[in-house]
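To start, the structure under review is shown below, and the notes come after it.
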Protein chains: 2
Amino acid sequence: MAGRAAVPEVIWARPERTGRGPKPAFTRAGIAAAAVRIADAEGLDGVSMRHVAAELGCGTMSLYNYVPRKEDLYELMVDAVGAEHEMFEPTGDWRADMLRNAEETRAIMYRHTWVPRLMPGVHGFSPNTLRYLEHCLACLEPLGIPAGTKTELIALLNGVVTTYTANDIATVERTRSMPWSEEEENAVRMAYLGSQVATGAYPRLAAAFMEQSGPVDLEAVFRRALERVLDAYDPELR
Amino acid sequence: MAGRAAVPEVIWARPERTGRGPKPAFTRAGIAAAAVRIADAEGLDGVSMRHVAAELGCGTMSLYNYVPRKEDLYELMVDAVGAEHEMFEPTGDWRADMLRNAEETRAIMYRHTWVPRLMPGVHGFSPNTLRYLEHCLACLEPLGIPAGTKTELIALLNGVVTTYTANDIATVERTRSMPWSEEEENAVRMAYLGSQVATGAYPRLAAAFMEQSGPVDLEAVFRRALERVLDAYDPELR
DNA sequence: TCCTAGTTACGTACAGCGTACGTAGTGCGC
DNA sequence: GCGCACTACGTACGCTGTACGTAACTAGGA
């Protein structure tokens, strides 16, 4: 008798190993790594319990000994890529340090384009998340504001990084395993947008559309947004 | 022979009705409304093609005449709730107007808690999205910055609203149709967080944790974040 | 006016999903 | 060394998105 949970559960609160019984053949880290490998290679939709189990070389239902629900597998995956954050020694320049953190988060998401889609469902208290939070707080040590405001800054910055990067990634992820290329998709979308704007129903939008010359530099837009957010918390600028 | 698309498609670019054939029994708006009704009542997972078709009173496969892929149904849903935005007459106070827009977006998401989960996958060019964008640009008319910077402000603000609200909603959505309450879930999570902090592995986090007294006022945190972002674009403050 | 091609409607079918449940074997703690 | 918690995993169920085939319908071109 296994006995399913009738009470809320955070997977991180359940110990990976309790004394009794045969030694487990796999670890959470190994399972997470397998799932991440599949998601990177085939997209998030390729991550099924069956598929992950096959990758590990075990029966499908054996996975459920380690991961009570699929949602928890997602939790493991997000935590696993969180380990890719470099927890560097703070330099004393909180702005530069936080910028670096943000750029790193963005880079991680570009490496694992499925992360943004998972973010809304995730608890946010996994070991690596906590370590990252602690690291950010260390970077913000020189900044003379209350701890509560610091965590608000971190949350805001992470939110901005996530939405911006999610948006930039969306097209790439959408065209994965489609019979057309990213450029084709973009062309079709831009043509549609142009046709809408041309109806005259959106005059101000049309003006903004005309004002821009050449393609948008997503990276520059992203960095400008970061700078603005940091400005908003910089005591020297207010 | 229907002939599936071998070329990228934006559902908004395909006309709702072409001359030939029997008159369609349903409209995009009606289908979207049905899907939204289901999502509101049973959560996003309740939205299946079969279920929506049943709600409309038609065969499952008939839906595919209107909605080529399920992803497009999501697109319709997000556009449908976008119609709930009140496109008020700009007052001339761009800060107040944008705050109002943001609060309204948040309210919409609270009414339809499944929206944040859909946001990453959505194209962002639906009719109501364009109308909302145009409305925001109208509100920002008094602000003396380039149009490009205005759209960046709008994007940043929307991003902040989305992530913050998604986070606040996450627990509610997670406990939907679970055998435990939101309070129980929160208690378990807080207990776990406390236990982790108590290990001493996260000293700064612990300090921040101790500093706060009483429960967090999510609404206040949200509003403070908005103010900061607006500050960052306010020419009078720089 | 009639013909026909494009639509609508929808039943059937298939591959794949998450996971409940039962059973067999293993090894630690008492 | 007994018992029990644990691991492993095959089977099965209800559900999903959707490809495909067929029948009814109607607007446009000849």
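Each chain gets a letter, A, B and so on, in the order its sequence line appears, and its residues count up from 1.
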Residues A/W12 and A/D79: side-chain donor-acceptor under 3.5 angstrom: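 Judged by distance alone, the side chains do not pair up.
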Donor-acceptor pair between B/T60 and B/R50 side chains, under 3.5 angstrom: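 Per modelled atom types, B/T60 and B/R50 side chains form no pair under 3.5 Å.
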Residue met sooner reading DNA chain D from 5', once B/K23 and B/G46 are mapped to nucleotides: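 Comparing both residues, the 5'-ward one is B/G46.
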When we call it a touch if two heavy atoms are under 4.0 Å apart, what does [X] touch: a base, just sugar-phosphate, or nothing?
X: B/A25; answer: sugar-phosphate
X: A/F26; answer: nothing
X: A/S62; answer: base

Whole Å only: how far is the [atom1] atom of [X] from the [atom2] atom of [N]?
X: A/R69; N: C/dC17; atom1: CZ; atom2: C1'; answer: 17 Å
X: B/Y64; N: D/dG17; atom1: OH; atom2: P; answer: 6 Å
X: B/L56; N: C/dT8; atom1: CG; atom2: C1'; answer: 15 Å
X: B/N65; N: C/dT7; atom1: CG; atom2: C1'; answer: 7 Å
X: A/L73; N: C/dC17; atom1: CG; atom2: P; answer: 13 Å
X: A/H51; N: C/dA15; atom1: NE2; atom2: C1'; answer: 15 Å
X: A/D72; N: C/dG18; atom1: CG; atom2: P; answer: 13 Å
X: A/L63; N: C/dT19; atom1: CG; atom2: C1'; answer: 12 Å

Go through [options] for me and flag the one nearest to the [X] side chain.
X: A/P22; options: C/dG18, D/dT26, D/dC6; result: D/dC6
X: B/M61; options: D/dT16, C/dT19, D/dC20; result: D/dC20
X: A/P24; options: D/dT7, C/dG18, C/dT8; result: D/dT7
X: A/C58; options: D/dC9, D/dT7, D/dT18; result: D/dC9
X: B/Y66; options: C/dT19, C/dT8, D/dA8; result: C/dT8
X: B/T60; options: D/dC6, C/dT19, D/dT18; result: D/dT18

N/O donor-acceptor pair under 3.5 Å between B/D217 side chain and B/A220 backbone: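 Judged by distance alone, yes, a pair lies under 3.5 Å.
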Distance-only donor-acceptor test (3.5 Å): side chain A/R50, base C/dG18: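 When only heavy-atom distances are counted, A/R50 does reach the base of C/dG18 through a donor-acceptor pair under 3.5 Å.
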Aromatic plane relationship, A/Y132 with A/H85 - under 30° parallel, 30 to 60° tilted, over 60° perpendicular: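 Rings of A/H85 and A/Y132: parallel, under 30°.
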B/Y164 six-ring centre to B/R106 NZ/CZ under 6.0 Å and within 45° of normal: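 The answer is no; the distance or angle limit is not met.
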